[in-house]
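Just the heavy atoms: all of them, side chains too, but no hydrogens, waters or symmetry mates, feed the values below. Below, chains carry the letters A, B, ... as their sequence lines are ordered, and counting in each starts from 1. The structure presented is a predicted model; accordingly, all values stated were derived computationally and were not measured.
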Amino acid sequence: MNAVLLIEQVLNGLQLGVMLFLMSAGLTLIFGVMGLINLAHGSLYMIGAFAAAAVAGATGSFVLGLGAALAAAAAAGALVEVTVIRRLYDRDHLDQVLATFALILIFSEGTRWLFGSFPLFLDIPDALRGPASLPLGIEYPRYRLTIILAGLAVAAGLFLLIAKTRIGIRIRAGEADREMIAALGVDISKLYTLVFALGAALAGLAGALVGAIQSVQVGMGEPVLILAFVVIVIGGIGSIRGAFVASILVGLTDTLGRFLLPIAFGTFMDPSQANLIGTALASMAIYILMAAVLVFRPTGLFGAAT
Amino acid sequence: MIREPILNAVIMAALLAVPLWALWAGEPFTITLATRAAILALAAVGLNIALGLGGLVSLGHAAFFGIGGYAMGILAHHAQTYTPLMEAPFLIEGTKSMPVIWLTAIVAASLAALLIGALSLRTTGVYFIMITLAFGQMLYYFAISWPTYGGEDGLSIYVRNDFPGLNTLRPFPFFAISYVALAVGLFLSWRIAKSPFGLALSAARQNEARVRTVGMDPYRLRLTAFVISGAITGLAGALFADLNRFVSPTMFSWQMSGEFIVFIILGGTARLFGPVVGACLFVILEHWLGGLSDYWLVFLGAILLLVVLFARGGVIGALAGREATHD
């Protein structure tokens with residue numbers, strides 16, 4: 001094991017963490033403001049990736065693809081909110097789980113219907129191809145580096161939006177007491193649609209950015225959705241700061257676990273056996289992390305104590 | 001409106017009558033479909049103890065279903081390859097005997113439910129949903145990354161396991177086994193709902209503070225319910241693996257957990273026979289819509305959405321009217 005390889009893995013972990021943040025920020029906002037558990041968030045991620053791949057494939061422009069991803073995911077989010085989700089706010093969680101599960105079925109199979117079962121590919125723009133040279137002689141793919149920076153920029157923008165703008169104030173007020181801000185004359189249903197569309201756009205952006213590294217296919221959203229749930233549980237539901245810290249934590253734990261655990265077991269076992277146990281344990285590492293957090297803080301690292 | 005007990009009797013009789021007809025008409029595939037429905041129903045009956053009675057929305061019951069499936073897969077795999085499961089400190093051999101496999105599945109699923117439940121039940125509401133989902137996923141990825149028992153490809157078992165006195169390779173005897181298992185599961189779930197424990201559990205769902213005030217611990221009640229629930233779903237998993245003679249990580253997949261909840265809601269929440277109706281309906285829709293279109297899940301999604309939004313009582317609610325309980 002050498003230091004350069006380790007730093008590369010740390011960067012990979014950061015990249016995963018930043019993408020998870022884009023997903024979990026929307027989920028946690030939607031839960032914090034509307035009290036809704038949205039399983040279909042992964043579908044919005046998928047819609048973003050498909051829109052980006054389709055538009056970038058047709059026009060050859062990655063930037064247009066990203067724009068399409070944001071627009072398509074936000075539009076799908078707003079549409080779903082107005083037609084379905086709105087009826088679920090005062091239902092119990094079971095109804096929310098089921099209705100959004102039904103939405104996943106509709107979105108996934110609908111996408112398969114439109115685009116077929118074969119994965120699409122989204123090309124990295126030429127300017128971002130190849131490695132970037134970092135200090136200490138580290139070579140790291142330029143596109144992944146861009147993802148990390150873009151993700152951090154979006155995170156900073158989101159913090160500013162929530163902390164400094166009028167909309168942000170309303171969103172926070174909606175989290176604190178929705179009856180009160182409705183009584184103060186804020187159009188609460190418009191605010192809800194806006195928050196939902198914002199969360200959807202973030203998920204769509206994540207899908208488009210990751211779509212260029214992985215293949216764009218039906219069902220790509222659900223594994224990320226479940227990771228985002230783990231993030232939210234660790235960070236504390238409703239807390240954007242918690243989601244950020246937990247995203248990075250989960251990204252690093254997962255990536256470094258896969259890298260380090262086989263090596264760690266290799267120090268006292270024969271290599272093939274160590275690899276086997278290390279890989280199996282690494283696939284469970286983030287869930288073990290989640291369980292550990294739960295034992296000490298059942299409402300997550302940044303969650304309000306109940 | 002039909003009274004619910006009569007409706008339940010009709011459902012149970014119909015689930016028996018269809019395979020009997022198929023046996024007479026020589027349509028083994030229909031018997032297999034009915035077996036599938038009965039086993040999936042049993043899994044959802046298990047979940048219904050936690051979800052319907054206890055109000056615990058577990059989105060990770062595929063964990064217990066998969067554990068049951070792998071209990072069968074691992075034992076039968078060692079039996080068919082004539083390799084011992086474990087040599088030290090004492091010898092454990094594989095087996096092809098269904099009762100032994102069932103017992104193993106129930107014990108393994110109970111232990112897993114005890115562990116997962118003890119951690120997850122520290123939380124409530126949305127946290128609980130997400131955490132059970134995450135634990136289910138954990139086992140899913142573990143099953144994929146553990147190559148000894150097939151990894152992603154799963155395990156094929158060439159010959160169905162044995163039950164004393166029955167030829168389990170023929171469809172009808174195996175259906176009979178699954179049907180009896182379902183009946184026992186339903187009976188158990190009915191007895192639990194009427195027992196002091198079940199009443200306390202229901203009370204903890206409706207008003208936790210009052211249950212605490214009279215000196216009962218909701219955490220213990222829920223954990224007990226969760227373990228019983230996991231054990232029944234585990235047994236269903238072993239039967240399901242035996243039906244397909246195949247077990248793979250998809251039994252752990254979170255879609256499976258979602259489908260169990262779908263069965264309960266389609267049939268009617270908090271109804272004894274809700275899961276049975278839901279599972280039968282699901283298998284029928286899967287067979288019928290699946291034959292019409294490759295994209296049948298779109299229609300299932302739409303139906304489900306309509307049921308959740310507009311027909312909250314499910315099928316039994318529509319046929320038997322409102323229940324007399326006061327939630």
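Of the atoms belonging to B:I129, it is side-chain heavy atoms, and not backbone ones, that fall under 4.5 Å from chain A. In this structure, no portion of B:I264 lies under 4.5 Å from any heavy atom of chain A. In this structure, chain B has a heavy atom under 4.5 Å from the side chain of A:L88, while its backbone stays farther away. For A:V233, the parts sitting under 4.5 Å from any heavy atom of chain B are the backbone and the side chain alike. With a 4.5 angstrom heavy-atom cutoff, B:Y140 does not touch chain A via any of its atoms. Neither the backbone nor the side chain of A:L227 comes within contact range of chain B; no heavy atoms are under 4.5 Å apart. Of the two parts of B:V57, only the side chain, counted from C-beta on, holds a non-hydrogen atom closer than 4.5 Å to a non-hydrogen atom of chain A.
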Going by atom type alone, with no hydrogens or angles, which donor-acceptor pairs under 3.5 Å involve a side-chain atom of residues 283-291 of chain A and a protein atom two or more places apart or on another chain?
from: A:S283; atom 1: OG; to: A:A280; atom 2: O; distance (Å): 2.7
from: A:S283; atom 1: OG; to: B:S145; atom 2: OG; distance (Å): 3.3

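The aromatic rings of B:Y295 and A:W113 sit parallel, their planes meeting at an angle under 30°, below the 60° perpendicular limit.
Nearest heavy atoms, B:A302 versus A:I106: N-CD1, 3.7 Å. Residues A:P223 and B:Y141 come closest through the heavy atom pair CB-OH, 3.7 Å. A pairwise comparison of heavy atoms in B:V126 and A:F31 identifies CG2-CE1, 3.0 Å as the closest pair. The shortest heavy-atom contact between A:A99 and B:V308 is CB-CG1, 4.1 Å. Contact record, B:E259 with A:F101: N-CZ, 4.1 Å, taken as the closest heavy-atom pair. A:I237 and B:Y127 make their closest contact through N-OH, 2.8 Å (heavy atoms, listed as atom of the first residue, atom of the second, distance).
Here A:L98 is the residue among A:V84, A:I37, A:L98 with the most heavy-atom pairs under 4.5 Å with chain B. Taking chain B as the reference chain and counting heavy-atom pairs below 4.5 Å, the highest number among A:V97, A:T279, A:L94 is found for A:L94. When each of B:V262, B:L300, B:T123, B:L309 is scored by its heavy-atom pairs under 4.5 Å with chain A, the top score falls to B:L309. Contact tally against chain A (heavy-atom pairs below 4.5 Å) for B:V298, B:L51, B:V307: the top residue is B:V298. Among the candidates B:I265, B:L119, B:L306, the residue making the largest number of heavy-atom pairs closer than 4.5 Å to chain A is B:I265.
Interface with chain B: from residues 242-251 of chain A, no residue qualifies, criterion being any non-hydrogen pair under 4.5 Å.
A donor-acceptor contact shorter than 3.5 Å is absent between the side chain of B:R122 and the backbone of A:F296.
In this structure, the separation between CG on A:L105 and CZ on B:F299 is 12.5 Å, given to the nearest 0.5 Å.
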